[in-house]
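Reading through the structure tokens given below for one structure.
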2 protein chains.
Amino acid sequence: MMSTLSISEENYLKAIFHLYTHDAGIGTNAIAHHLNTKAASVTEMIKKLAEKKLLTYEKYQGVVPTRKGFTLALGIVRKHRLWEYFLVEKLKFKWDEVHDIAEQLEHIKSERLVEQLDHYLGFPKLDPHGDPIPDKEGKMCAMNCCCVSDIKPNSNAKISGVKNHSPAFLKHLEKMKLTIGKTVKVIDRNDFDQSVELVLNHETMYISKEVAENLLVKKIKG
Amino acid sequence: MMSTLSISEENYLKAIFHLYTHDAGIGTNAIAHHLNTKAASVTEMIKKLAEKKLLTYEKYQGVVPTRKGFTLALGIVRKHRLWEYFLVEKLKFKWDEVHDIAEQLEHIKSERLVEQLDHYLGFPKLDPHGDPIPDKEGKMCAMNCCCVSDIKPNSNAKISGVKNHSPAFLKHLEKMKLTIGKTVKVIDRNDFDQSVELVLNHETMYISKEVAENLLVKKIKG
DNA sequence: TAATTTTTTTAGGTTAAACTAAATTATATT
DNA sequence: AATATAATTTAGTTTAACCTAAAAAAATTA
Ligand SMILES: [Mn+2]
Ligand SMILES: [Mn+2]
Ligand SMILES: [Mn+2]
Ligand SMILES: [Mn+2]
């Protein structure tokens, strides 16, 4: 009744899910770029997923995930983030080392495994990068955050996540001690290079435009 | 330099390793049966693995794993058994539920992951079925065990493993409380049906020929 | 609107891993 | 030794997932 998906199919579904939820247009090229394949391959796979009612597709009109496709994608994201949490909290990996391994682990097929793992980890709500972990029903907490570059000067904020997940960026943040949970005060934005001045642990520091745009925070009163 | 193996290649290597170390002849048919494929598919794969110097092969003469192939196979077995241990000890799976999941997990590619997992688990020496877990260098403890049917009457023995790993057999053993570590006294073997009489927890019980042949024990003095 | 550029699809091929059926080699039986 | 049986290999297909190059459609720009 529920023919099991191949790893490729799962990866396409997940890519479409991500593009869909990040509002970005879900064009054939965008999907191809996201998966490191070519547009022609995407068109083929899209047809197969449409056959399986995981998304709706009309030629040249792009795709939209169906309820079923969306739910399946959420399940893969759930696994990915639970495994990342496991790798960091239990196996002592750094937050910049876990994504590639989770890309493999997310395809392990066993409902029991996911539920037991979730239980074992204490039903975490957020993964090591601050991304919400969907629960068994696919529900996850809303992330009302914005990037540092959108914060008004002279306000306090708590670091809550990253937009860019590249190891290079993550390592850079860690070196600067800009890790999740830390509180910062945004002092000012420099018009010349869009760098941002802020205070972290009572010390003044400057972060580049690139960092400010990819570091997510939540405003806090004060 | 070390082209990474596909999941299929890994499964063939592992099957050959198992047949090889259990003395069974490594015929094309035996491998095919072990992997649920057909002999023709085996011949093809064998050629590829021989190309990669993971085994030696001469037409109609069968195969022998090379040092390199043997080492790689050991690495997969190591991962399989470490994951089984993890599933039972940390995620509270039963010993009859872990094999299929470990069949998937054993193919996750990350040296770091295996070493961290091993460390996290406390470098276990045996998996939930009593099979030895190879260490990082491929060394594992020798299992000087034999099946209950080979034990002389009136001797004590400790349950140390299973020959048959099927969930049905494992569940059956658990129901009869014949679990690893338990001590039993072998009383007698019945000539009529080869069933074996033994004492477990001060109670007399009979086990069938099939059970006696697939339950592994270590003799103990007394 | 017409021309140009970009995006998407189609057509046709490749590769890994499977399969069936037929041919070949090895082993066992008479 | 001749024959029958079993194991193995070869030949020829299939399928999923990719690819390149060309065609078609859509979006931009002039
Ligand atoms: Mn990730
Ligand atoms: Mn993450
Ligand atoms: Mn197993
Ligand atoms: Mn085992």
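Note on naming: letters A, B, ... go to the chains in the order of the sequence lines (proteins, then strands), and numbering restarts at 1 for each one. All of these numbers come straight from a predicted model, not from anything done at the bench.
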From CD1 of Ile46(A) across to C1' of dC18(D) the rounded distance in Å is 15 Å

Just call it for Thr43(B): base, sugar-phosphate, or nothing, with non-hydrogen atoms closer than 4.0 Å on any strand.
base

State yes or no: are the ring centers of Phe169(A) and His165(A) separated by less than 6.0 Å?
no

Please report the distance, rounded to the nearest Å, between CD1 in Ile7(A) and P in dA16(D).
16 Å

Apply salt bridge (charged side-chain N to carboxylate O under 4.0 Å, His left out) to Lys47(B) and list each qualifying residue two or more places apart in sequence or on a separate chain.
none

Would you find a donor on one side and an acceptor on the other, under 3.5 Å apart, between the side chain of Trp83(A) and the backbone of Glu106(A)?
no

How many whole angstroms separate atom CG of Leu49(B) from atom C1' of dA16(C)?
13 Å

Would the distance check show the side chain of Thr37(A) and the main-chain N or O of His33(A) forming a donor-acceptor pair, the cut-off being under 3.5 Å?
no

I need the CG-C1' distance between Leu5(B) and dA16(C), as an integer number of Å.
14 Å

Would you indicate, yes or no, if dA18(C) has its OP1 or OP2 atom less than 4.0 angstrom from a side-chain nitrogen or oxygen of Ser8(B)?
yes

Protein-nucleotide distance (Met45(B), atom CE; dT10(D), atom P), rounded to Å:
16 Å

Looking for any heavy atom pair under 4.0 Å, which part of the strands does Asn11(A) touch: base, sugar-phosphate only, or nothing?
nothing

Lys38(A) NZ to dT9(C) C1': how many Å, rounded?
16 Å

DNA chain D nearest-nucleotide lookup for Tyr57(B) and Ala40(A): closer to the 5′ end is Tyr57(B)

Has Asn29(A) got a side-chain N or O lying under 4.0 Å from the OP1 or OP2 atom of dT8(C)?
yes

Can you check the His34(B) NE2 to dA7(D) P distance for me, whole Å?
17 Å

Which one, dT20(C), dA18(C), dA26(C), comes nearest to the side chain of Tyr60(B)?
dA26(C)

Heavy-atom nearest nucleotide on DNA chain C taken for Glu44(A) and for Gln61(A); more 5' hit belongs to Gln61(A)

Does the separation of the ring centres of Tyr12(B) and Phe17(B) fall below 6.0 angstrom?
no

Hey, does Thr37(A) reach any base, or is it just sugar-phosphate, or nothing, if we go heavy atoms under 4.0 Å?
sugar-phosphate

Integer-rounded Å distance: dT8(D) P and Lys47(B) NZ:
14 Å

Does Lys59(A) have a side-chain nitrogen or oxygen under 4.0 Å from the phosphate oxygens OP1 or OP2 of dA24(D)?
no

Hey, does the side chain of Tyr12(B) come within less than 4.0 Å of dA16(C)'s phosphate (OP1/OP2), counting only N and O?
no

